[in-house]
Amino acid sequence: MVSDTPDVIVVGAGLAGLVATYELARAGRRVLVVEQENRNNLGGQAFWSLGGLFLVDTPEQRRLGVKDSYELALQDWMGSAGFDRDREDHWARQWARAYVRFAATEKRGYLHALGLRLTPLVGWAERGGGAADGHGNSVPRFHLTWGTGPEVVRVFAGPVLAAERRGLVAFRFRHQVDELVVEDGAVVGVRGSVLEPTDLPRGKASPRGKVGEFELRAKAVVVTSGGVGHNHDLIRRNWPVERLGPCPRTMISGVPAHVDGRMLEIAERAGGNVVNRDRMWHYTEGLHNWDPIWPDHAIRIIPGPSSMWFDATGRRLPPPNFPGFDTNATMRAILGTGYDYSWFVLTQTIIEKEFALSGSEQNPDITGKNLRLLLESRRAKGAPGPVEAFKRHGVDFVVARTPAELVKGMNKLSRGPELDAAELERQIVARDRAVVNGYAKDAQVMAIHNARRFLGDRIVRVAKPHRILDPAHGPLIAVRLNVLTRKTLGGLQTNLDSQVMRPDGTPMPGLYAAGEVAGFGGGGVHGYNALEGTFLGGCIFSGRAAGRALARALR
């Protein structure tokens, strides 16, 4: 049986683990996948994603008039990453070049051959801070999977499950790894605890009662266990105060409870090198989920550029802190006030066109690949159903007819100072005076006009500029935005074959890592900032590298 004599043990059945297993099984290698959750969670947090993929110079871009290239994408990546650590970023720099090259060449065809398809509209995510050679995407690159996260998981899970039926792949669910087995300086297996059985649905927090122990051995181990997104204690311990400001007191979780980061410390104890612990990617536009699946379940608004953004004291955030532009700069501006939340102020017209919600379950039309439902929901009067549901039921929303009424509701939700209605209205009026022309000095209004020059944004993503206080576009809406935990950008340092490096810069025999636990490659391929659509792709690219390298090595 494979489970008795595997060639490779893969720790974690998320996307990176499935990709590595797919490549190994394809090459005829025997793989044992060890996973602390049950089978219902196959695919991990990738299942819950919107399915966005960073791709460069694609037919989808060209059809929309977007001119992209490897050189431009690499310039954007390096300007965003800001690599500045000689030792910790040594491999990350090489991964960055290799990954952008993959995104510009093989990636689309690789996924297409597996059956994955893309929607025709390309999103312009993380538009950056305004400098040509700085952070941000110069052009739209966010390609949305037709089927969202579940489809990305499916195209790899299908072949892996077929390999399981053939006897090449085996799974040990509810097996929690507590230790890597090291002999003569090489990793030769894993030890851990068998957790009590559960048939809980996907994403639900599972019990941690132990009913036994296990030890398993193989020629190599691949760690694909994910990051620390639900481990708030670990996030607080590593929070970069000097760079982002004080750690938020209130954080809500954009990933399930099992995303705990345990394997980082376990791999480090075994001899692996963990780097860039302070590099994180958390969002400022988090909503408390009115219908949660996991504890502190958060949903992120993926906003268009038109909502006015105010800090907790009621001051409009300065450029480039516009919706969808510069995540970390906005985080720094918000936390610099001494508070951990902020506000969108917008209209019904804006919410109908510009609010998308992260998560496969929040986009049933695209997730279900239901073209009829997609056309009906997007053409119907009002915002998409899931967005309207949050507006009606979500604790972070205020709907009102006048600025005074709006501020009264905002003050009821405030975790900080009381807002002044007259001052908020003054700032809204000043902005409204800037939208009556096709040009303006207001940087956000300029950004809106620029966005609408892109066909994809004008059709489905960016509302026609209008006055916030125009009753024809009402009612007024305020949204309290919370810090949503999501990704760690650092992790186990790996070479381009996904071998885990030791602190002395040499590869650790028998140990590989891929996905978020490896900083999506190299211990931090994104550097300080992510360009979005890059997390799933990082899992795919690094998992593929691990699987293919081991397939060659184990001949």
Side-chain angles (χ1 to χ4, degrees), residues 54 75-85 96 123-142 235 238-248 251 254 276 278-286 300-345 354 358 427 431 442-448 450-451 479-490 524-535:
F54 175 93
Q75 174 181 293
D76 288 347
W77 193 287
M78 292 303 189
S80 299
F83 295 124
D84 59 2
R85 298 169 178 173
W124 196 352
E126 199 66 16
R127 304 181 190 210
D133 59 353
H135 171 53
N137 284 296
S138 296
V139 297
R141 296 190 177 107
F142 189 90
I235 290 170
N238 294 310
W239 187 268
V241 175
E242 292 184 1
R243 184 159 46 83
L244 294 183
C247 186
M251 295 188 289
N276 300 316
D278 63 316
R279 294 181 182 168
M280 306 180 183
W281 194 249
H282 306 305
Y283 292 112
T284 54
E285 312 99 327
R300 183 203 173 200
I301 299 170
I302 304 175
S306 301
S307 297
M308 295 189 72
W309 205 337
F310 297 89
D311 66 25
T313 71
R315 290 191 298 267
R316 188 180 178 192
L317 294 180
N321 304 309
F322 310 137
F325 274 68
D326 191 329
T327 295
N328 278 339
T330 307
M331 179 76 77
R332 186 164 55 250
I334 291 168
L335 297 179
T337 66
Y339 302 98
D340 56 13
Y341 67 100
S342 60
W343 298 97
F344 275 170
V345 173
E354 295 198 6
S358 65
Q427 294 175 85
R431 178 266 184 202
D442 185 287
Q444 184 176 9
V445 174
M446 293 167 63
I448 294 167
N450 186 50
V479 188
R480 182 183 62 182
L481 304 173
N482 311 274
V483 174
L484 176 159
T485 64
R486 183 60 64 83
K487 299 289 183 182
T488 43
L489 300 186
V525 66
H526 297 94
Y528 290 99
N529 293 284
L531 290 176
E532 298 291 30
T534 55
F535 298 139

S.K.: Only one of P303, P305, P319 passes side-chain contact (heavy atoms from CB on, under 4.5 Å) with F325; say which it is.
M.R.: P305
S.K.: So, are R243 and D84 salt-bridged, with charged N and O less than 4.0 Å apart?
M.R.: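 No.
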S.K.: To the nearest 0.5 Å, what is the distance between CZ on R332 and CD on E242?
M.R.: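 Answer for the CZ-CD pair, R332 versus E242, is 12.5 Å.
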S.K.: For A333 and L317, which heavy atoms make the closest approach, and how far apart are they?
M.R.: CB-CD2, 4.3 Å
S.K.: Can you measure from OG (S358) to CD (E285) and round to the nearest 0.5 angstrom?
M.R.: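 Going from the OG atom of S358 to the CD atom of E285 covers 9.5 Å.
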S.K.: Can you tell me how far apart OG1 (T327) and CZ (R486) are? Round to the nearest 0.5 Å.
M.R.: 11.0 Å
S.K.: Does the Q75 side chain pair with the main chain of A132, one donor and one acceptor, at a distance under 3.5 Å?
M.R.: yes
S.K.: Minimum heavy-atom separation for F535 to A530, with atom names?
M.R.: CZ-CB, 3.8 Å
S.K.: Do N328 and N529 pass the side-chain hydrogen bond (donor to acceptor under 3.5 Å, both in side chains) test, and can you show the C-alpha distance, the side-chain angles, and the key distance before you say yes or no?
M.R.: CA-CA 7 Å; N328 278 339; N529 293 284; 3.1 Å; yes
S.K.: I'd like to know whether R279 forms a side chain to side chain contact (heavy atoms under 4.5 Å, CB included) with T488, so could you lay out the CA-CA distance, the side-chain angles of the two residues, the decisive distance to 0.1 Å, and finally the verdict.
M.R.: CA-CA 6 Å; R279 294 181 182 168; T488 43; over 6 Å; no
S.K.: Taking NZ, NE, NH1 and NH2 as the nitrogens, is one of them in R480 or D340 under 4.0 Å from a carboxylate oxygen of the other?
M.R.: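 Not counted as a salt bridge, because no side-chain N and carboxylate O are separated by less than 4.0 Å.
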S.K.: Centres of the F54 and W77 rings: under 6.0 Å?
M.R.: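 Between F54 and W77, the centre distance is under 6.0 Å.
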S.K.: Could you please spell out the steps behind the ring pair (Phe, Tyr, Trp, His ring centres under 6.0 Å) verdict for H135 and Y528?
M.R.: CA-CA 10 Å; H135 171 53; Y528 290 99; over 10 Å; no
S.K.: Does any part of the side chain of I235, heavy atoms only, come nearer than 4.5 Å to the side chain of M251, both counted from C-beta?
M.R.: yes
S.K.: Less than 3.5 Å apart, any donor N or O on the side chain of N276 or R85 sitting next to an acceptor on the other?
M.R.: yes
S.K.: Which is it for Y339 and T313 under the side chain to side chain contact (heavy atoms under 4.5 Å, CB included) test, yes or no, and what are the steps along the way?
M.R.: CA-CA 9 Å; Y339 302 98; T313 71; 4.1 Å; yes
S.K.: Does a salt bridge link D76 with R141, judged by any charged N lying under 4.0 Å from a carboxylate O?
M.R.: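 So D76 pairs with R141 through a salt bridge.
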S.K.: Going from CZ on R127 to OG on S138, what distance comes out if it is rounded to the nearest 0.5 angstrom?
M.R.: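 Going from CZ on R127 over to OG on S138, the span is 12.0 Å.
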S.K.: Taking all atoms of both residues into account, what is the closest heavy-atom pair of E354 and S306, and its distance?
M.R.: OE2-OG, 2.5 Å
S.K.: Do you know which two heavy atoms are closest between S307 and P323, and how far apart they sit?
M.R.: O-CG, 3.5 Å
S.K.: Nearest heavy-atom pair of L335 and P248: which atoms, and what distance?
M.R.: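 For L335 versus P248, the nearest heavy atoms are CD2-CG, 4.0 Å.
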S.K.: Suppose we call two aromatic rings close when their centres sit under 6.0 Å apart. Are F322 and W309 close by that rule?
M.R.: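 No, the ring centres sit 6.0 Å or more apart.
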S.K.: Just how far is it from atom CD1 of I334 to atom OG1 of T284, taken to the nearest 0.5 Å?
M.R.: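 The OG1 atom of T284 is 4.5 Å from CD1 of I334, to the nearest 0.5 Å.
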S.K.: Would you say L244 and W239 make side-chain contact, with heavy atoms under 4.5 Å?
M.R.: yes
S.K.: Below 4.5 Å, heavy atoms only, C-beta onward: do N137 and W124 meet side chain to side chain?
M.R.: yes
S.K.: Apply side-chain contact (heavy atoms from CB on, under 4.5 Å) to Q427 and list each qualifying residue two or more places apart in sequence or on a separate chain.
M.R.: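 If we apply the side-chain contact (heavy atoms from CB on, under 4.5 Å) test to Q427, skipping adjacent residues, the hits are F310, R316, E423.
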S.K.: Are L481 and F344 close enough, and set up right, to give a side chain to side chain contact (heavy atoms under 4.5 Å, CB included), and what steps lead you there?
M.R.: CA-CA 7 Å; L481 304 173; F344 275 170; 3.5 Å; yes
S.K.: Can you tell me how far the NE2 atom of H282 sits from the SG atom of C247, to the nearest 0.5 Å?
M.R.: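 Reported to 0.5 Å precision, the distance equals 8.0 Å.
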S.K.: Could you walk me through whether T330 and N321 pass the side-chain hydrogen bond (donor to acceptor under 3.5 Å, both in side chains) check?
M.R.: CA-CA 5 Å; T330 307; N321 304 309; 3.2 Å; yes
S.K.: I need the minimum non-hydrogen distance between L489 and G527, along with the two atoms involved.
M.R.: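 It is CD1-O, 3.6 Å.
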S.K.: Between H526 and W281, does a side chain to side chain contact (heavy atoms under 4.5 Å, CB included) hold up when you go through it step by step?
M.R.: CA-CA 10 Å; H526 297 94; W281 194 249; over 6 Å; no
